[in-house]
Amino acid sequence: MKYSDDITLLKGVGQKKAELLGKMNISKIGDLINLYPRTYQDRRTVTPVSDAVSKDNVLVKAHVIQVVKSGYRPGGKRPLNVIVDDGTARMEVVFFNAKFMQNAFKQGEEYYFYGKATKDYGKVKMVHPEFTPSDKGVFQGIIPVYPLTAGITQNDIRKWQKEAFSCMECAEEFLPEEIIRKNNLCSYSYALKNIHFPDDVTKLKEARYRLVFDEMLLLQTGLFALKETKSGKGRGIYFDRDVDPLKFINSLPYELTNAQKRVVKEIMDDMESPDVMTRLVQGDVGSGKTAIAEIAMYKASECGCQAVLMAPTEILAKQHFEGVKRDFEPFGINVGFLSSSVKTQERRELLSRLESGEIDVLIGTHAVIQPDVIFKNLGLVITDEQHRFGVNQRNLLGSKGKNPDTLVMTATPIPRTLAVILYGDLDISIIDELPPGRQKIVTKVADSKKRPLVYDFLRKEIEKGRQAYIVAPLIEDSEAVSDLRSAESLYEELSKKFKEFNVALLHGEMKQAEKDDIMNEYARGNIKILVSTVVIEVGINVPNATVMILENAERFGLAQMHQLRGRVGRGEHKSYCILITDARSEVSKERAEIMVNTDSGFVIAEKDLELRGPGEFFGTRQHGLPDMKLANLVKHIDMLELVKEEAKRILEEDPSLSDSKYDKFRERMNDMFGGELTLRM
Ligand code: ADP
Ligand code: MG
């Protein structure tokens with residue numbers, strides 16, 4: 001049995017269980033081994049029944065004295081009462097609706113029970129405990145609790161884990177000896193054993209340290225390796241130093257900010273060097289990234305190369321297209337547009353003009369990576385990511401040229417230390433300055449009692465001709481989150497309250513075309529109030545929108561609220577962001593205060609990470625990086641430094657990791673990056 005073997009090789013995992021595991025993204029043995037416990041239960045000591053009543057769960061080991069099966073009750077519920085005794089006292093174990101376990105207990109046998117014991121009319125009672133015969137299964141000790149899916153039990157996973165990680169081949173060491181020694185790591189097999197079934201807390205810590213180290217080292221080495229192979233020293237395009245973008249820059253209706261000037265210089269240096277540029281431009285909403293992209297595309301095109309700009313949504317791509325086309329017209333630079341909505345005939349024509357080199361600059365959605373999109377001479381690739389594209393798509397686009405220079409633009413500010421990891425395969429430029437004269441968006445906090453006032457204000461703005469966004473954190477009212485004002489119910493309420501205005505609903509489960517329609521109507525001013533889930537985050541420029549209301553604001557991340565707030569204040573009118581929240585906790589208050597007092601996305605990002613942890617950035621797969629199972633790039637920031645050095649040293653010593661001592665390590669890394677690295681190493 002190997003790490004990469006199919007999960008069905010495990011005893012007890014048949015086709016049906018395998019399917020269920022598939023839902024948890026577990027298809028190989030290795031996936032299971034990397035499913036780490038969510039938490040642990042301390043079941044090291046057996047508690048005598050006489051002492052069992054407590055506010056915590058306890059482990060009891062007792063013999064069954066009597067099994068009392070009750071008859072059917074109305075509704076088909078058939079409770080089961082099991083009287084047990086451990087020599088210190090008796091306890092009644094109760095299962096309601098126990099149709100399927102009438103024969104689970106045998107009189108006279110000994111069982112473990114884990115649950116909460118209460119006192120009921122002088123009797124010790126335990127309702128619905130976990131249990132197992134005392135001679136079977138994994139029950140005593142520090143017991144792992146795994147995330148589950150319906151149809152799979154804790155005991156299933158515990159059993160499978162034990163079998164999987166005890167297998168020699170799966171637990172085989174993959175780090176070279178000297179790295180283990182130098183960093184005082186425990187062995188891989190020791191780490192696996194103790195992350196799943198720790199003997200004690202110290203060993204659990206050692207195990208966790210080793211596994212977090214592994215994850216970060218694999219990630220960091222992989223990213224550095226990607227960067228190394230992409231930046232192919234001397235293999236890139238040498239853009240002519242004598243082509244000065246100043247002619248274009250002077251045509252812009254404003255002067256570049258100092259931050260923009262600095263970033264332009266960094267990009268020009270990259271473009272003029274024969275190395276391949278792989279650069280990230282990070283700038284707050286409205287910091288003027290588009291102008292930067294235009295300057296780079298101007299340079300490329302004046303040097304006789306084509307450029308492509310890929311945006312995450314059709315609307316954004318269209319918006320870029322219109323702006324860029326207007327700005328490039330005076331220079332005779334031809335700009336084309338491509339998305340899935342471009343019709344066959346038009347598309348065919350466009351593609352042929354692209355291949356012949358007649359089109360200098362192509363702007364579009366991910367439609368631009370389709371295989372039949374062929375450039376004559378692609379020299380510059382720009383992706384406007386906002387966390388939507390992964391490394392893969394970026395590279396696919398790059399492969400349409402001969403080592404073209406690459407720019408990645410993102411509007412989500414990330415503290416620098418983290419950006420180094422998250423975009424470890426890129427150099428980083430930061431636009432940390434907004435154009436002058438930007439008006440500050442007034443941010444206010446209101447509790448739900450103030451909602452009528454908020455709506456009065458909203459009405460006044462709309463009567464003035466302005467537009468508004470109202471964002472709710474979830475789509476549907478569900479029982480679990482009844483306190484959330486969902487977008488749907490909010491929409492219904494508001495369309496009644498604002499009957500005379502056009503109110504629309506936008507959410508993530510709508511078809512793309514439907515979403516685009518609504519956004520277009522909103523952009524044209526035909527829709528006045530847009531109720532939405534966070535889908536508008538990757539949004540659009542509607543200068544006439546002046547009000548952003550965030551419902552249940554405590555549910556949003558700070559960085560997310562900042563992004564949303566950036567949708568208003570884009571025109572000449574004074575703009576407002578209103579956070580509606582009834583949350584009273586210290587953290588909620590602090591968050592609201594930060595939003596009211598801070599308008600720098602970078603400061604907000606730092607605070608967000610401090611307050612919320614990295615979930616915002618690392619809890620989702622949107623960033624296009626491999627999943628981290630244990631590593632928390634914020635919490636483990638110190639280790640990150642260590643790991644960065646180690647990764648650099650490894651690649652300096654052996655850039656292609658070709659020494660046999662790295663065989664297993666390389667395999668793991670490829671596994672983590674879904675095979676992407678194999679292409680390049
Ligand atoms: P983002 O960084 O969010 O993509 P944009 O590039 O869309 O920002 O720029 C936002 C607005 O600011 C645009 O209307 C753009 O014309 C304007 N802008 C960009 N740079 C400057 C500048 N240096 N001075 C004044 N306005 C600028
Ligand atoms: Mg932009």
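Remember, it's 1-based here, ligands and their atoms both numbered in the order they're listed. Every heavy atom of this structure was used, including side-chain atoms; hydrogens, water molecules and symmetry mates were not. Bear in mind that the values here come from a model prediction, so they are computed numbers and not experimental data.
- The backbone N or O of Ala468 lies less than 3.5 Å from a partner atom in the side chain of Tyr522, making a donor-acceptor pair.
- Close approach to Glu255 involves these atoms of ligand 1, each under 4.0 Å from a residue heavy atom: 22 (C), 23 (N), 24 (N).
- Of the candidates Thr290, Leu252, Val281, it is Thr290 that places a heavy atom closest to atom 7 (O) of ligand 1.
- Within the 4.0 Å heavy-atom criterion, both parts of Thr257, backbone and side chain, lie near ligand 1.
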For Arg565 and Ile604, run side chain to side chain contact (heavy atoms under 4.5 Å, CB included): C-alpha distance rounded to whole Å, both residues' side-chain angles, the deciding distance at 0.1 Å, then the answer. CA-CA 12 Å; Arg565 179 168 64 181; Ile604 287 178; 3.5 Å; yes

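- In Gln260, the part holding a heavy atom less than 4.0 Å from any atom of ligand 1 is the side chain.
- Looking at Gln260, its side chain does come within 3.5 Å of a backbone N or O of Gly288 through a donor-acceptor pair.
- Taking only nitrogen or oxygen atoms, main chain and side chain alike, Pro435 does not reach within less than 3.5 Å of ligand 1.
- Taking every non-hydrogen atom of Leu256 and a distance limit under 4.0 Å, the qualifying atoms of ligand 1 come out as 23 (N).
- Here the closest non-hydrogen pair linking Lys261 and Leu256 is CE-O, 3.6 Å.
- When only interatomic distances are considered, the shortest N/O to N/O separation between Ala291 and ligand 1 does not fall below 3.5 Å.
- Using a distance-only test at 3.5 Å, with no hydrogens or angles considered, no donor-acceptor pair links the side chain of Thr598 to the main chain of Val596.
- Checking side-chain atoms of Asn544 against main-chain N and O of Gly465 turns up a donor-acceptor pair under 3.5 Å.
- Under 4.0 angstrom from ligand 1, the non-hydrogen atoms of Asp284 all belong to its backbone.
- Heavy-atom contacts of Ser287 reach the following atoms of ligand 1: 2 (O), 8 (O) (cutoff under 4.0 Å).
- Residue contacts with ligand 1: Arg570 is placed with no nitrogen or oxygen under 3.5 Å of a nitrogen or oxygen of the ligand (distance criterion only).
- Checked by atom type and distance alone, the side chain of Glu349 never pairs as donor or acceptor with a backbone atom of Glu346 at under 3.5 Å.
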